[in-house]
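Read the numbers this way: they start at 1 and go in the same order the structure lists the ligands and their atoms.
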Amino acid sequence: MFRLSLRLKLTMLYTGVLCLALALFALAIIFTAGRILYRDVDAGISSTAASVVRSVAVRQSPFSLQEITLPNINVFATPDTYLQVVDSRGLTISRSDNLGRQYLPLSEDTLQAAGQNKAFYETVRAGTQSIRVYNVPLSVDGRLIGILQVGRTLATVDLLLDKIRLIVFTGGAATVFIAGLLGWFLARAALHPVERISRTALSIREGGDLSKRIDYSGPQDELGRMVNTLNNMFGRLEVMYNRLQESYDLQRRFVSDASHELRTPLTTIRGNTEFLLQLPNLETETAREAMEDIAGEARRLTRLLDHMLALARADAGFEMEKHLVPVDELWPEIARQARFWAGGRVLDLSCQLPAGKQVATNADYLSQLVFILLDNALKYSLPDTGVELAMEENPPGWLALTVADRGPGIAPGDESLIFNRFYRGEEARPREGSGLGLAIARWIAEQHQGNIQAANRPGGGSIFTVRLPLAKS
Ligand code: ADP
């Protein structure tokens, strides 16, 4: 179905109704005019016939045979009125001169009908024209002796009716056209405030500026009330949104401040425990174990806080600063750090990049991203399995950085969920973690106008691919 605009629908409805009304009106005019004109013709020919009949003289012959004397019928004829008298068998006895060599048509049916001694009208065709004929039986003592036919051409009436039809239809069509055009503009005027309302609503949606209101100064009719209701609604939305925004800001600030505040004592605890652990006289095994526990937990808390801080910054709309770095300079640094983070684990490094490409990046955040992926790969796979880190151009124009392991892989359906904050897979629960690492990794990738994806590898294990757009040097 076509999606018609309200304006077009209104105009079409309005024009349709007008069309129907005008068509009915035109039909009524044409029908009434036709009836009046035909009745006029009938009245004319019947009065002529009456005059003729009055002038017919019936004489008693000496042999008791009656004799009919017809008047000179030419006296009654007018240019468009023809007269003809036929006998009971249909043979013409007399006819007006204006018929020339023509005869008024006479059918068997007419003769039969006249036999019933009743006058009647009929419309017959003579050549190309229609003629209205009034047939009057002429009888003496109930015996039909002839028929008087008075005919009048309908050419004038038909011409007049044609003209009326033409005027009514062209006038009607012109009226519908003008009314449609007017309706089109009227509908625009009537719908103008509605359009303004939807434009304002759209600009609020797109610009997010809830302080905007629909500007309407018209009367307080249906539209005025609708504008009021909408403006009130926008007002309430604005208040609610501002309240939400305030509490969201408060919460964000709290997370950020709390992370900051907690970091300092934690660093102190970590520093002190690590210092104590290195002391040669910390002999008691239990004291050492307790210290190691404290140091471990402090490390975990530090990482959690770092992650919370990074996400709080992301929420606050923090935009990282990026610089164009040639990829051949980027790889050695990433590889160096990765080797360090891998500790004793087998790390398979590969880089296949055409020279001369650059990437807009923030080196610190990029190495944090690689660290998160590598840390997960090492954490979720067995110590005797290797981890692969690779960099290549795939697809063309994109730098693909992959971290693959031979761990448990990603549970089906979890591929995108694992990037949500605090989401941890079933198999991850027993292991240390907060569920924030991949959320940060995704934010870093997106800050680079790139993306990150997780998949399972054939033969087991998972593979994480980060794609960043390349720039030509
Ligand atoms: P965390 O590792 O602290 O739980 P992440 O956000 O880094 O949080 O990871 C979210 C989840 O994704 C993990 O809990 C785990 O279920 C899954 N995951 C991440 N990396 C891997 C991996 N290399 N192999 C299997 N599962 C992984």
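Short contacts between ligand 1 and G433, defined as distances under 4.0 Å to a heavy atom of the residue, involve ligand atoms 3 (O). Taking every heavy atom of A428 and a limit of under 4.0 angstrom, the matching atoms of ligand 1 come to 13 (C), 14 (O), 15 (C), 16 (O). Residue contact check: A377 has heavy atoms under 4.0 Å from atoms 23 (N) of ligand 1.
Using modelled atom types, no side-chain atom of Q358 and backbone atom of L324 make a donor-acceptor pair closer than 3.5 Å. A side-chain donor-acceptor contact under 3.5 Å links R467 to the backbone of N394. Without hydrogens or angle criteria, T385 side chain to S381 main chain gives no donor-acceptor distance under 3.5 Å. Side chain of R132 to main chain of Y38: no donor-acceptor pair is present (N/O by atom type, distance under 3.5 Å, no hydrogens or angles). In this structure, R196 contributes its side chain and I214 its backbone to no donor-acceptor pair below 3.5 Å. D221 contributes a side-chain N or O that, together with a main-chain N or O of G224, makes up a donor-acceptor pair within less than 3.5 Å. In terms of modelled atom types and a separation under 3.5 Å, the side chain of K379 and the main chain of E432 share a donor-acceptor contact.
The nearest non-hydrogen atom to atom 3 (O) of ligand 1, considering only P408, S434, S462, comes from S434. When the heavy-atom distances from atom 25 (C) of ligand 1 to A404, G407, G409 are ranked, the shortest goes to G409. For atom 6 (O) of ligand 1, the candidate residues are L438, I372, I440; the nearest heavy-atom contact is made by L438. Heavy-atom proximity to atom 21 (C) of ligand 1, evaluated over F419, Y423, F422, Y380, is greatest for Y380.
Look at E427 and you'll find a heavy atom under 4.0 Å from some atom of ligand 1. Using 4.0 Å as the threshold, A454 has no heavy atom nearer than that to any atom of ligand 1. Taking 4.0 Å as the cut-off, G435 counts as a neighbour of ligand 1 on heavy-atom distance.
Residue R431 does not touch ligand 1, judged by heavy-atom distances below 4.0 Å. Only the backbone of L436 comes within 4.0 Å of ligand 1, judged by heavy-atom distances. With a 4.0 Å heavy-atom cut-off, ligand 1 is reached by the side chain of D405 but not by its N, CA, C or O. Of all the heavy atoms of K379, the ones lying under 4.0 Å from any atom of ligand 1 belong exclusively to the side chain.
For atom 16 (O) of ligand 1, the nearest protein heavy atom (residue, atom name, distance) is G425 N, 2.8 Å.
Annotation: Y365 is in aromatic contact with W443 [ring centroid separation under 6.0 Å].
Between E195 and R7 no salt bridge is recorded (no basic side-chain N to carboxylate O distance below 4.0 Å).
Not one N or O of F464 is nearer than 3.5 Å to an N or O of ligand 1, by distance alone. For ligand 1, one of its N or O atoms has an N or O atom of G437 under 3.5 Å away.
Between the side chains of E446 and N451, no donor N or O sits under 3.5 Å from an acceptor N or O. Side-chain N/O atoms of R457 and S462 include no donor and acceptor closer than 3.5 Å.
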